[in-house]
Amino acid sequence: MTVKIDPSWYEVLKSQFEAPYFSELKNFLVAERQQYTCYPPGSKIFNAFDSTPFDKVKVVIIGQDPYHEPGQAMGLCFSVPQGVVVPPSLVNIIKEINSDLGLSIPTTRGDLSGWAEQGVLLLNATLTVRAHQAGSHQRHGWETFTDAAIHELSQRRNGIVFLLWGSYAIAKKSLIDTTKHHILTAPHPSPLSAYRGFFGCRHFSQTNALLQQQGLAPIDWAKIY
């Protein structure tokens, strides 16, 4: 497995890469790829960590696992490559941004790499998935790895805004030092739950206000390609 990851993250997570569980995870992934199509492509597995260096993280959005249909997964949670049909949850995220900030971002755009470049860590708890089978790579070690990443951010950094949408992401609160960081929670943006409080949560304006209170530049949420 070729690891393409920003050196700052590699330094922070070196002990995880060297841990016994990670060797088992690599063996699992090799076996999976021999039998099945898996997503995202190998070079994109650590895209979240490669796109947003450790010391540049200002905001963290936590997803569950990658999209599992062809061409969708790109290693950034909720994001799809340019030209790919935008999934329903992301459509709802864009609708809330437009409502919150008075913007008119087309819901046909879905590449969030412009957020990652500004310091938004788009982190799935599980970094790979078998084609057409949601959750198929859960409980094989990825959660240990990504929980370690969240813990290291919590311990070593200050003032990060964590956006936790849905019960799965909200459960990650236990990894975050709330005396040092900001946590905003809402229902998941999925069509099944968005109307229960994701719409109207105004997390995007709140995030920018929290960043600006710290003297940091706000996120340009319109940078969706």
Side-chain angles (χ1 to χ4, degrees), residues 48 52 57-67 72-80 86-107 109-116 118-127 134-135 138 143 146-147 149-151 153-154 157-214 216-224:
T52 312
V57 175
K58 299 196 290 190
V59 180
V60 178
I61 299 177
I62 298 175
Q64 196 158 348
D65 62 352
Y67 295 123
Q72 293 181 315
M74 57 181 294
L76 304 175
C77 74
F78 292 107
S79 182
V80 291
V86 178
S89 291
L90 182 51
V91 168
N92 287 341
I93 290 169
I94 296 168
K95 285 179 178 177
E96 175 58 21
I97 292 170
N98 286 339
S99 170
D100 184 9
L101 301 175
L103 301 176
S104 53
I105 305 162
T107 55
R109 293 188 198 162
D111 182 346
L112 306 181
S113 54
W115 294 3
Q118 298 178 74
V120 182
L121 182 68
L122 296 164
L123 181 65
N124 276 316
T126 302
L127 299 187
Q138 292 177 8
E143 295 91 340
T146 54
D147 281 359
I150 296 166
H151 176 76
L153 283 169
S154 176
R157 296 287 313 282
N158 289 291
I160 293 172
V161 184
F162 289 85
L163 303 183
L164 308 181
W165 301 331
S167 57
Y168 185 91
I170 291 168
K172 302 294 182 182
K173 273 176 79 168
S174 61
L175 301 167
I176 303 162
D177 184 343
T178 55
T179 67
K180 296 168 62 182
H181 302 283
H182 308 280
I183 297 177
L184 302 179
T185 63
H188 196 277
S190 157
L192 299 173
S193 54
Y195 288 94
R196 296 206 297 264
F198 179 79
F199 288 136
C201 71
R202 305 205 67 185
H203 278 187
F204 305 96
S205 59
Q206 287 183 62
T207 295
N208 281 350
L210 289 166
L211 293 175
Q212 288 174 301
Q213 284 167 22
Q214 301 175 64
L216 298 172
I219 304 300
D220 180 358
W221 296 108
K223 278 202 168 179
I224 304 177

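The model shown is predicted, which means the values in this text are computed figures rather than measured ones. For reference, positions follow the sequence shown, starting with 1.
Taking 4.5 Å as the limit, every side-chain heavy atom of V120 sits out of range of all side-chain heavy atoms of L112. Looking at T146 and T126, their side chains never come closer than 4.5 Å, going by heavy atoms from C-beta outward. Looking at heavy atoms from C-beta onward, F204 lies out of side-chain contact with I219 at the 4.5 angstrom threshold. Contact annotation: the side chain of N92 approaches that of P191 to within less than 4.5 Å [non-hydrogen atoms, C-beta and beyond]. No side-chain heavy atom of S154 sits under 4.5 Å from any side-chain heavy atom of L175. Contact check for K180 versus R157: no side-chain heavy atoms found under the 4.5 Å cut-off. Proximity of I160 to L121: side-chain heavy atoms (C-beta onward) are nowhere separated by under 4.5 Å. L122 places none of its side-chain heavy atoms less than 4.5 Å from the side chain of T52.
Note that CG of L163 is 9.0 Å distant from CD of Q206, once rounded to the nearest 0.5 Å.
Each of T207, L211, V161 was evaluated against K58; a single residue qualifies, L211, per the side-chain contact (heavy atoms from CB on, under 4.5 Å) test. Of the options Y67, W165, W115, a ring-ring contact (aromatic ring centres under 6.0 Å, His included) to F78 is made by W165 and by none of the others. When each of V91, T107, I224 is paired with V86, the side-chain contact (heavy atoms from CB on, under 4.5 Å) condition holds for V91 and for no other.
Heavy atoms of other residues, nucleotides or ligands lying less than 6.0 angstrom from OH of Y168 number more than 12.
K173 and L164 make their closest contact through CG-CD1, 3.5 Å (heavy atoms, listed as atom of the first residue, atom of the second, distance). Residues C201 and A186 share a closest heavy-atom pair of CB-CB, 4.1 Å. The two atoms that bring N158 and Q214 nearest to each other are O-OE1, 4.2 Å, heavy atoms only. Among all heavy-atom pairs drawn from N98 and I105, the shortest one is OD1-N, 2.8 Å.
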Let's go through D111 and S79 carefully: what are the C-alpha distance in whole Å and the side-chain angles of both, what is the deciding distance for side chain to side chain contact (heavy atoms under 4.5 Å, CB included) to 0.1 Å, and is it a yes or a no?
CA-CA 5 Å; D111 182 346; S79 182; 3.9 Å; yes
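For the pair S193 (side chain) and H188 (backbone), a donor-acceptor distance under 3.5 Å is present. No donor-acceptor pair under 3.5 Å is formed between the side chain of Q64 and the backbone N or O of N124. E96 places a side-chain N or O within donor-acceptor distance of the main-chain N or O of G200, the cut-off being under 3.5 Å.
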